[in-house]
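Below: the structure, in structure tokens.
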Amino acid sequence: MNTELKIATRQSYGEELEKLGKENEKIVVLDADLSSATKTNIFAKSFPERFFDMGIAEQNMMSTAAGMATCGDIPYVSTFAVFAAGRAYDQIRNSICYPNLNVKICATHAGVTVGEDGATHQMIEDISLMRTLPNMKVMCTSDDIQTRWAIREIAKIDGPVYLRLCRLASPVIYNENQKFEIGKAIQIGEGTDATIFATGITVSEALKAKELLKNDGIDVRVVDIHTIKPIDKELIIKCARETRKLFSVEDHNIIGGLGSAIAEVLTEEEPKKLKRIGIPDTFGKSGKAMELMQYFGINAENIAKTIKEG
Amino acid sequence: MESIEDLKNYAKRIRKGIIQAVYYANSGHPGGALSVADILTVLYFKEMNINPKDPNMPNRDRLVLSKGHASAALYSTLAYRGYFEDEELTTFRNINSNLQGHPDKNKVPGVDMTTGSLGQGLSAANGMAISAKLHNENYRVYCILGDGEIEEGQVWEAAMAAAHYKLDNLCVIVDNNNLQIDGKISDVMNSYPIDKKFESFGFEVMNIDGNDIEEIIKAFEVARNIKGKPTAIIAKTIKGKGVSFMENKASWHGKAPSLEEFNQAINELQ
């Protein structure tokens, strides 16, 4: 992990989307007046005729994307996660998922790491809402390299995808040669004292926690679950068998998110205690992103602390 | 070429199909299906460039029935137009049927968009119209809205966008039958004046009698030649049109006829 080089996954998204646009003419992009923040403005600059600003009207944007998908276009739709998964939930459900249309929802500014804007803009329920929709695949990428891979990979799938992206710049974890596969989580380390399952922004924090714990003689592994649906049951079961304790950590409500998805696998396949670290069923608040991560216990130091206590 | 008389007879036959479907299902929405039957007749038998043998023909005209609860009207029209067998109408809403309560584009040939949750269809129609322009295709997109449906805010988001993107390949038809489930539009949530609203959003607007075949044909002709903006046809209709005891009764929005009522309705539609 390169902690010197920090890139926000929304930046990786914007840049890679523009590159993909050059290669694939079917890609069209819709945004709801946030293109400078979601970084779809990079695509818009290169391909103005394939970029559609739908204004501050997310519901219309989702159903419009669905209509375009029926005509063979591949719409990438972006806005903040709270407006995508929350405000336009029924449009995603009925216009996109039920007819199984080829729309890629790339939602940025997920989680409390949105920071200063506060609770109204900090989406902590989106994984929960999106993974309960039939036909939907749910992804949450952890670094620049993985995000760039995901942007390209989801274009190859015929059907809806929700990709959760982050505002905050975070370390580059992987090198260019890393292989990824949708539905296959990535195990980092062989530690058997504990497994830390993480997704998105919390993967790099979990990796830092892993290093901190090493100093205390605790050897953990980190599992980067970039695809939350379909989830990698096999690796979850393997880690449950191979490690003494299980933890999940997410910038999301502990209800319905990554921890819940893992718990569902464990209860059916390999019953074992799982400690879920995340936003404890409460709304977020204003503050700096790193302050909020600390406040909610999802930064490296607090993750390490919870694991030592646990 | 279909004569006006032919089209009137087709509309009658489509109305019979609606009554049969709803009767056999013992559920469904006859009122709003009957009100929109003449409009669907003209669209599928005269106006739209379609091919029942090739339902996914890329350059076909498209229809989004945004008021998806009028599914029986769309199914009856599609069956009569040859997309599938008439007999299938009697399976409407059954557990093993393709004819879902609300239209499912993946199950029924000829259904261009899945609808049912009100207010979403115009946005999808916009998407199709935008796509046509992007790819220099000359197909047209039709979208039927209910007059109660336009109480949904998303309709106006979509109306704004249709005018903004100058979607002159889009034609909206508001089935203005004046009734919604809880009563008269003006009593429940007044969406009038509908014409003025669409006009102020940037549409070319026409007011017609939506149960008059000739007026419907003429309106579509005019709409085809409007450039630079979308068209909205406010079609004044009668809910339950064609079946005397269902006409102008909100109570027939969402219930099936008894055997006696079924027989009377079919007799009236001979």
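Here is the naming used below: chain letters follow the sequence lines, and residue numbers restart at 1 for every chain.
Surrounding CD of A:Glu23 are more than 12 heavy atoms belonging to other residues, nucleotides or ligands, all under 6.0 Å away. Other residues, nucleotides and ligands contribute more than 12 heavy atoms inside 6.0 Å of the CE atom of B:Met57. With a 6.0 Å radius and a threshold of 12 heavy atoms from other residues, nucleotides or ligands, A:Glu116 has its CD atom above the threshold. The 12-atom threshold is exceeded at CD1 of A:Ile157, counting heavy atoms of other residues, nucleotides or ligands nearer than 6.0 Å.
Heavy-atom distances place the side chain of A:Leu101, and not its backbone, under 4.5 Å from chain B. Proximity to chain A (any heavy atom under 4.5 Å) is shown, for B:Ala158, by both the backbone and the side chain. Interface residue B:Met128: backbone and side-chain heavy atoms are both found under 4.5 Å from chain A.
Of all the listed residues (B:Val64, B:Leu122, B:Leu134), the one sharing the greatest number of non-hydrogen pairs under 4.5 Å with chain A is B:Leu134. Residue with the most contacts toward chain B among A:Pro99, A:Pro75, A:Gly55: A:Pro99 (heavy-atom pairs, distance under 4.5 Å).
In this structure, A:Met68 and B:Gly127 approach most closely via the heavy-atom pair CG-O, 3.2 Å.
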Which donor-acceptor pairs fall under 3.5 Å between chain A and chain B:
residue	atom	partner	partner atom	Å
A:Asp53	N	B:Tyr165	OH	3.1
A:Asp53	O	B:Tyr165	OH	2.8
A:Gln59	O	B:Gln154	NE2	3.2
A:Asn60	N	B:Glu157	OE1	2.9
A:Asn60	OD1	B:Ser123	OG	2.7
A:Ser63	OG	B:Gln154	NE2	3.0
A:Thr64	OG1	B:Ser123	O	3.3
A:Asp73	OD1	B:His135	NE2	2.5
A:Asp73	OD2	B:Ser131	OG	2.5
A:Asp90	OD2	B:Ser117	OG	2.4
A:Asp90	OD2	B:Gln120	NE2	2.8
A:Gln91	NE2	B:Gln154	OE1	2.7
A:Ser95	OG	B:Gln120	OE1	2.6
A:Tyr98	OH	B:Asp104	OD2	3.0
A:Pro99	O	B:Asn106	ND2	2.8

